[in-house]
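Keep in mind that the numbers below use all heavy atoms, side chains included, and drop hydrogens, waters and symmetry copies.
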Amino acid sequence: MAGRINDDDVKAVRDAVPIDSVVSEYLQLRNAGGGNLKGLCPFHDEKSPSFQVSPGKGLFHCFGCQEGGDTIAFVMKIDHLSFSETVERLAAKAGITLRYEEGGYNPSHQRGERIRLIEAHQAAAEFYLRALESPEAEIGRKFLAERGFDQDAATHFRVGYSPAGWDHLTRYLRGKGFSDKELITSGLSQDGRRGPIDRFRGRLMWPISDTAGEIVGFGARKLRDDDNGPKYLNTPETPIYKKSQVLYGIDLAKKDIAKASRAVVVEGYTDVMACHLAGVTTAIATCGTAFGNDHIKILRRLLMDNGSARVIFTFDGDSAGQKAALRAFEDDQKFAAETYIAIAPDGMDPCDLRLAKGDDSVRDLVEPRTPLFEFALRQIVGRYDLETPAGRAAALDEAAAVVAKIKTSSVQREVAVQLAGFVGILDQEFVVHRVAQLARWARDKGGDQGERGGRGGPRGTRGGPPQQTAPAPGFSGPALNLRSPAHRTERELLKLALQKPALVAPAFDAYGMDEFTAPPYAAVRRCIEEAGGAEQGLADNREYLVAVMDAAPDNTVRSLVTELAVEVFIGKTIDETYAGMQLVHVRLRAVDRRINDVQGSLARLGSNVAPQDLAAAQNEVWVLQQYAQSLRAHGAAAL
């Protein structure tokens, strides 16, 4: 059983690794104001960025799906890791040696499975890279040279070679302390007659990394005629490698994709290399599978779906390439970016084009030429004889069904008009009507027209709270209604207590739970109290926020804490005056409610109230009224 990681080491890891640097490995972040950053949420599909990161507080929160927490919580969620695996991974990044309560410093048997598999792949990549220099690997070096890649290029892309023997890598990794079970689970080895043997033998090896830059698998290219395996052999599905969720080159291209708002999708490893060496550093490729929905999610988080974003697909001009383009077009509506297709002269791929005509030709190839929808529709229409009425009708039927999937009505109409021209139908309105009819039928049948995240689909919130939300699970009472002045003010006061405790402490700590009329806010107030009060935030705001989240009774309350801890304030100037106004307004409403309660009780009792009780109640009302008057006259000074 793994020992418990020392609490001080967990705190050191949390403080040492900035949350914005970790999050930006997975998605593009932009300034959201108030010291916060925003991006498209990696945990649900959305079109407008509602995911916010607060570097100063070390927290993230999505106002769309309500996921939130600190750096550790983010990595646990996005990479499906346990708490200890996450802390170990972040500790390695920060150069921190962890102590375990039940024995020693970071023993290998205590490390989580994912980290062990990543380490095995890193060791394998180093082994393959050195093997490329061996005499046996001459055939691999020749293969690269014939395609225009020298030793520097191979080193940059970490291309290696797997020796042709049965178990060279397996024996090497055993010597590094990896168990046979770990080698089989990783996909680096496979079962043989007498135990594990190497999965990859006598091939060129391309390491495949995830967005964070960690090697999760390999692509292996056949070199010899006596190799009876497929031309390309990839890592099988493993706990860390899902071929539909990785893009080759994404670790090298992600910064430039985000900066340029452009991605180039090519078909192979050597095409990625050729593009990068030619200056097209936004090139990526799928790994043995068609470009699909999970790949789109990766790119959308980097492109941020702004209006100028571009995705350019390069496909061979043959029938297989045309089919690939049509498959890509089927997913086109899941992008907010504009999509284009680029086909090289004579059907050459970027690698061949670079060899034949140089770097400039590769750069020219990927400049947007033909919109993907236009290419797809021309391919469909081109299969029919447009010289006959029957041919035009058949072409229209197939192509109109494709155009009907476009979710934005204005874009749908524009493409329908172009389709009329492709087919040769002069009555454009007839084509527009036909497309709209097919779209309506699809909606009525519950088709995919209501998919979230598509162009023209429902937008996420902009990063602030919704105007009205249903009661959260675990809370009893009326729904939050932020049109209510009371709820708005209570929310602002809690945000101040979490984000800027120095402006409201110690006065805030004297406020009772009953002064917060919204049950969710009362729950957050209790968490702050159990964490020691807002005064605890004066010394170390990050540790204070961690303590507040730890005090939350469930994930619903914890999510609200992170939401309030990163949400921007309503006011423009957040100072002592602003904080005093929120303190006074919340207290005033509490005082007024108490006055109304006492007066209501007296009214209901009428003449049945005992004289001494009547006097006490009247005295309480008088005291409360004086207090309210003082608050209105003197503000926070009267608290």
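Contacts of Ala502 classified as side-chain contact (heavy atoms from CB on, under 4.5 Å), with partners at least two apart in sequence or in another chain: Leu538. When the side chain to side chain donor-acceptor pair (under 3.5 Å) test is applied to Glu576, no partner is found at least two apart in sequence or on another chain. A search for side chain to side chain donor-acceptor pair (under 3.5 Å) contacts involving Glu529 returns nothing, not counting sequence neighbours. Partners of Arg632 by side chain to side chain donor-acceptor pair (under 3.5 Å), not counting sequence neighbours, listed by chain and number: Asp592. Not counting sequence neighbours, the partners of Phe43 by the ring-ring contact (aromatic ring centres under 6.0 Å, His included) test are Phe74. Annotation: ring-ring contact (aromatic ring centres under 6.0 Å, His included) contacts of Tyr241 (sequence neighbours excluded): none. Shown here are the side chain to side chain donor-acceptor pair (under 3.5 Å) partners of Asp550, two or more places apart in sequence or in another chain: there are none. With sequence neighbours excluded, no residue forms a ring-ring contact (aromatic ring centres under 6.0 Å, His included) with Phe508. For Thr562, the side-chain contact (heavy atoms from CB on, under 4.5 Å) test picks out His61, Met549, with sequence neighbours left out.
Side-chain contact check for Cys287 versus Ser244: every heavy-atom pair is 4.5 Å or farther apart. Put simply, the side chain of Ile118 reaches to within 4.5 Å of the side chain of Val216, judged on heavy atoms. Here the side chains of Lys495 and Lys500 are not in contact, with every heavy-atom distance at 4.5 Å or above. Using a 4.5 Å heavy-atom threshold, the side chains of Glu490 and His487 count as touching. Inter-residue side-chain proximity for Leu29 and Val23 is flagged as met; some heavy-atom pair is nearer than 4.5 Å. Side-chain atoms of His295 and Thr289, non-hydrogen and from C-beta on, do get closer than 4.5 Å to each other. In this structure, the side chains of Glu367 and Tyr340 stay at 4.5 Å or more apart for every pair of heavy atoms. Taking 4.5 Å as the limit, every side-chain heavy atom of Pro520 sits out of range of all side-chain heavy atoms of Val557.
Neither side chain, Thr282 nor Asp256, offers a donor N or O lying under 3.5 Å from an acceptor on the other. No donor-acceptor contact under 3.5 angstrom links the side chains of Tyr26 and Arg301, judged on distance only. Side-chain atoms of Glu67 and Ser559 form no donor-acceptor pair, as typed in the model, at a separation below 3.5 Å.
With rounding to the nearest 0.5 Å, the separation of NZ in Lys38 from OG in Ser48 is 8.5 Å. Residue Gln245 holds its CD atom at 12.5 Å from CD1 of Ile240, rounded to the nearest 0.5 Å. Here Phe51 contributes atom CZ and Cys41 contributes atom SG; the two are 6.0 Å apart, rounded to the nearest 0.5 Å.
Screening His121, Arg114, Gln122 for a side-chain hydrogen bond (donor to acceptor under 3.5 Å, both in side chains) involving Glu214 leaves a single residue, Arg114. With Ile250 as the partner, the side chain to side chain contact (heavy atoms under 4.5 Å, CB included) test is satisfied by one option alone out of Asp210, Ile257, Val272: Ile257.
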TODO: I would like to know whether Phe291 and Phe313 meet ring pair (Phe, Tyr, Trp, His ring centres under 6.0 Å); could you show each step before the answer?
DONE: CA-CA 10 Å; Phe291 189 85; Phe313 293 91; 5.1 Å; yes
TODO: Starting from the C-alpha separation in whole Å, work towards a yes-or-no answer on side-chain hydrogen bond (donor to acceptor under 3.5 Å, both in side chains) for Tyr511 and Arg525.
DONE: CA-CA 9 Å; Tyr511 281 48; Arg525 172 66 188 93; over 6 Å; no
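Side chain of Glu535 to main chain of Gly532: no donor-acceptor pair is present (N/O by atom type, distance under 3.5 Å, no hydrogens or angles).
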Using a 3.5 Å cut-off and no angle test, enumerate the donor-acceptor pairs between side-chain atoms of residues 582-590 and protein atoms at least two apart in sequence or in another chain.
{"from": "Gln582", "atom 1": "NE2", "to": "Tyr578", "atom 2": "O", "distance (Å)": "3.3"}
{"from": "His585", "atom 1": "ND1", "to": "Met581", "atom 2": "O", "distance (Å)": "3.3"}
{"from": "Arg587", "atom 1": "NE", "to": "Glu515", "atom 2": "OE1", "distance (Å)": "2.7"}
{"from": "Arg587", "atom 1": "NH1", "to": "Tyr627", "atom 2": "OH", "distance (Å)": "2.9"}
{"from": "Arg587", "atom 1": "NH2", "to": "Glu515", "atom 2": "OE2", "distance (Å)": "3.3"}
{"from": "Arg589", "atom 1": "NH1", "to": "Thr489", "atom 2": "OG1", "distance (Å)": "3.2"}

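The existence of a salt bridge linking Arg116 and Glu113 is excluded, since no basic side-chain nitrogen approaches an acidic carboxylate oxygen closer than 4.0 Å. A salt bridge does not link Arg558 with Glu563: none of the charged nitrogens is closer than 4.0 Å to a carboxylate oxygen.
Under the salt bridge (Lys or Arg N to Asp or Glu O under 4.0 Å) criterion, the residue pairs touching residues 5-26 are Arg4-Asp7, Asp9-Arg99, Lys11-Asp15, Lys11-Asp540, Arg14-Asp70, Glu25-Lys93, with sequence neighbours excluded. Screening residues 539-566 for ring pair (Phe, Tyr, Trp, His ring centres under 6.0 Å), with sequence neighbours left out, gives no hits.
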